[in-house]
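The shown structure was predicted, so the numbers you read here are calculated from the model rather than taken from an experiment. Within every chain, numbering begins at 1; the chains are lettered A, B, ... in the order of the sequence lines, protein sequences first and strands thereafter.
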There are 2 protein chains.
Amino acid sequence: MSDLKERAQALDTADALAPCRELFTLDDTVYLDGNSLGALPRHVPDRMRDVLTRQWGELRIRSWDESGWWTAPERIGDRIAPLVGAAPGRIVVGDSTSVNVFKAVVAASRLAPGDRDEIVLDATTFPSDGYIAESAARMTGHRLVVADPSDVPAALGPRTALVLLNHVDYRTGRLQDLPGLTAAAHAAGALAVWDLCHSAGALPVGLDTHGVDLAVGCTYKYLNGGPGSPAFLYVAERHQAAFDSPLPGWTSHADPFAMDLGYTPAEGSVRGRVGTPDILSMLALEASLDVWDGVTMEAVRAKSLALTDFFLECVEAYVPEGRVTSVTPAAHAERGSQVSLRCEGAAEVMGALIARGVVGDLRRPDILRFGFTPLYVGFADAERAARVLAEVLGA
Amino acid sequence: MSDLKERAQALDTADALAPCRELFTLDDTVYLDGNSLGALPRHVPDRMRDVLTRQWGELRIRSWDESGWWTAPERIGDRIAPLVGAAPGRIVVGDSTSVNVFKAVVAASRLAPGDRDEIVLDATTFPSDGYIAESAARMTGHRLVVADPSDVPAALGPRTALVLLNHVDYRTGRLQDLPGLTAAAHAAGALAVWDLCHSAGALPVGLDTHGVDLAVGCTYKYLNGGPGSPAFLYVAERHQAAFDSPLPGWTSHADPFAMDLGYTPAEGSVRGRVGTPDILSMLALEASLDVWDGVTMEAVRAKSLALTDFFLECVEAYVPEGRVTSVTPAAHAERGSQVSLRCEGAAEVMGALIARGVVGDLRRPDILRFGFTPLYVGFADAERAARVLAEVLGA
């Protein structure tokens, strides 16, 4: 057995999170695409059978009360809250990430002083946030200023209403300085809105501690909520009373069943709701969150960094010099929970990896992306992925 | 056996749609709340087990292609299309009704000539549409003009950009004149946007035939898609090229995986998409739609009118004079697929009905609402509901 194989075995044996893998449905695939779609927690199908056959099939309409459907968005928000460093009552679940970006950007533009007419947008953003921010800016009369995160402090000024930033760059895996950039925005009198799609469930976020104003995030990546599971919206406690949603649907009304023609917003996180919640997707997410019981985000982060360090070490050892270049920062403080390798012929290489049981994904034109989900990926997986990559590259 | 019981039995025996009831999970409850949450089609839990265990659990990320997840919004839209009189390629499924109302109202305001600055809003609308229309008007700089549907023709003028109308009044069950009001809007140079929440799956809509411009609808009422299942958006063929969404998420991009920072909208119904589709809710809806195979909306409509006629007849026969008053129009052309009875002490009366196995719902302060879903409600149900109502009212 090679030295790296032995080391992987030892690291897996010592890994306190290793038993979590048993909570998921997995096979002998090395699944490094949990940053795109998290694996299935084993218990979810049985829970969903109950939701379908008993809650919907037997109780039908009564489930809105008796099965807790009505309050699911805020209840599940409170389950996610500790995973991203938020107190209860600050997160609501529902709609897609893009719809929540729209709510957050428009609401932040309304929270900012009225003479500020610029929205600073992360140049490395997942594109959907940019499309939505542009639409929001067009509708609110703001001007969009696009800046690389490292240039954001210089882009801030007396006209900045808000900045919209991705916590982890979906392409490179770079972790942005959330505390520092939030503080810089505040120092300039602006609000900081963060997209946590690639950090929620992957590393500590500390929303309350770092004074983030608004945030949105995805639940189907590191939070394993299922394909297209509803996103979440965080509104800092100090902004909740003035939070003014551009999508004031009936379920965010203070008394929805009064059916008033006039809108009176509910208090708290409920105000971020829009229409009738998509219960099936939402309750699958709720069930999925059970896998976090007893897990600390600090342990997840420690294992994530150890995994990505080890993978990079294996890549360096196995893959011929010059065939791949990591675009993921080496510094821990700048790394999310993925490794992105620039590689010639990346599309064909990823196809060959998948055919050999190593599933990552491609970001066109030339990025091989490998996500490390510490609850179910181990060190032997990392070693095998690097080894198969080297084989595919003809080492 | 009473004359009405005998008639109910004969009507059920002659009912060509009666066998459809076996497609649903039902018990001895008379379920007259399918206009709020449709009953569970029996086969859906097994289909969802496959979605969960095989598509998500085993194929994982591959299911976006191999299980057809990616194209589900437009594929399911094409399944709904014939039920509302639309050609393929004009309907896309996703998001809540409220979010789709926002897309439709803003997009219609952009399709209308730029000098038109008024949105005419149905005074009897389900409130969420009103809240969203008000938000849209605030963001687009339009003025909201609230008018009863009967007064809409008089409210139209050279400043009207669009009208937003409910096809069936959720409270009274009144069916509005979609062809006539659409024609009136067009004659005034305005667009007609319809909310089909209480007509889709209940009666023929004829979107294409009547030249409706945009429409939205719900899938968890008469379409039985499951609690909070995704809504749909219709865009007439002639408007698709200029449809300009306020929520241009990445899945509506012409080449989503190019991950361009600039937005280029896709062609056709796909342009109405926003973020990553909520696959679990969406595929439950897709499975549910199987119950429509071989069913014509004309047969549904004929049975619906016969059911509501018969229920009103039974109410008149059983319930003491003056205890309830129907607020649902007697004329077939003005009636949706529900009967709403005004009743003193309606909240207590509905509670007593539900306790005796007759499930309708309450619309505060004084409306007993009974929805008739022709696929699984029969004439004996209608007779029993009226009889139990009479008992509760002390006849």
Side-chain angles (χ1 to χ4, degrees), chain A residues 25 27 31 33 36-37 39-40 44-45 48-49 52-53 56-58 60-61 63 69 95-99 102 123 127-128 130-132 134-135 139-140 220 226-231 246-250 253 257-261 263 274-282 284 359 361 363-364, chain B residues 25 27 31 33 36-37 39-40 44-45 48-49 52-53 56-58 60-61 63 69 95-99 102 126-128 130-132 134-135 139-140 220 226-231 246-250 253 257-261 263 274-282 284 359 361 363-364:
Chain A
T25 299
D27 48 29
Y31 189 63
D33 212 6
S36 187
L37 175 65
L40 170 69
V44 169
M48 288 310 289
R49 186 147 200 108
L52 290 161
T53 59
W56 176 13
E58 294 173 21
R60 288 182 287 268
I61 196 72
S63 274
W69 289 355
D95 306 307
S96 66
T97 304
S98 296
V99 169
F102 188 76
S128 206
Y131 308 154
I132 294 287
E134 188 170 11
S135 171
M139 296 189 79
T140 57
Y220 52 78
S229 56
L247 295 170
W250 75 293
H253 193 283
F257 291 95
M259 305 274 164
D260 290 334
L261 256 187
Y263 180 69
V274 186
T276 305
D278 51 339
I279 291 300
L280 301 183
S281 288
M282 200 163 281
V359 178
D361 64 22
R363 282 298 168 255
R364 286 167 23 191
Chain B
T25 298
D27 48 28
Y31 190 62
D33 212 7
S36 186
L37 174 65
L40 170 70
V44 169
M48 288 309 292
R49 185 148 200 107
L52 290 161
T53 60
W56 176 13
E58 293 173 22
R60 288 182 290 265
I61 196 72
S63 273
W69 289 356
D95 306 307
S96 65
T97 304
S98 295
V99 169
F102 188 76
F126 183 72
S128 207
Y131 308 155
I132 294 288
E134 189 170 9
S135 172
M139 296 188 78
T140 57
Y220 52 79
S229 55
L247 296 169
W250 76 292
H253 194 282
F257 291 94
M259 304 273 164
D260 290 332
L261 256 188
Y263 179 71
V274 186
T276 306
D278 52 338
I279 291 300
L280 300 184
S281 288
M282 200 165 279
V359 178
D361 63 21
R363 281 298 170 254
R364 287 167 22 191

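- Between chain A and the residues B/Glu58, B/Met259, B/Glu134, B/Arg363, the most heavy-atom pairs under 4.5 angstrom are made by B/Met259.
- Counting only distance, with no hydrogens or angles, the side chain of B/Ser281 and the backbone of A/Ser281 share a donor-acceptor pair below 3.5 Å.
- Contacts between B/Asp95 and chain A at a heavy-atom distance below 4.5 Å involve the side chain alone, from C-beta outward.
- Under the 30°/60° scheme for interplanar angles, the aromatic rings of A/Tyr131 and B/His253 are found to lie parallel.
- Distance check, rounded to the nearest 0.5 Å: CG of B/Leu247 to CG of A/Leu247 gives 6.5 Å.
- Closest of all the heavy-atom pairs between A/Pro246 and B/Met139 is CB-SD, 3.8 Å.
- Minimum heavy-atom separation, A/Leu52 to B/Leu40: O-CD2, 3.4 Å.
- Under the side-chain hydrogen bond (donor to acceptor under 3.5 Å, both in side chains) criterion, B/Ser98 pairs with B/Ser128, sequence neighbours left out.
- For the set A/Gly228, A/Gly249, A/Pro230, the count of heavy-atom pairs under 4.5 angstrom toward chain B peaks at A/Gly228.
- Heavy-atom distances place no part of B/Ala231 under 4.5 Å from chain A, backbone and side chain included.
- Between chain A and the options B/Gly275, B/Ser96, B/Ser36, B/Pro248, the largest number of non-hydrogen pairs under 4.5 Å is found for B/Pro248.
- Counting heavy-atom pairs under 4.5 Å between each of B/Met282, B/Arg49, B/Arg60 and chain A puts B/Arg60 at the top.
- Interface check for chain A: of the options B/Thr97, B/Val99, B/Val359, the most heavy-atom pairs under 4.5 Å are formed by B/Val99.
- Contact count against chain A (heavy-atom pairs under 4.5 Å) is highest for B/Pro277 among B/Ser63, B/Ser229, B/Pro277.
- B/Ser135 approaches B/Phe102 most closely through the heavy-atom pair OG-CE1, 4.2 Å.
- Options B/Tyr263, B/Tyr31, B/Trp56 differ in how many heavy-atom pairs under 4.5 Å they form with chain A, and the most are formed by B/Trp56.
- Between chain B and the options A/Val44, A/Thr25, A/Leu280, A/Asp278, heavy-atom pairs under 4.5 Å are most frequent for A/Asp278.
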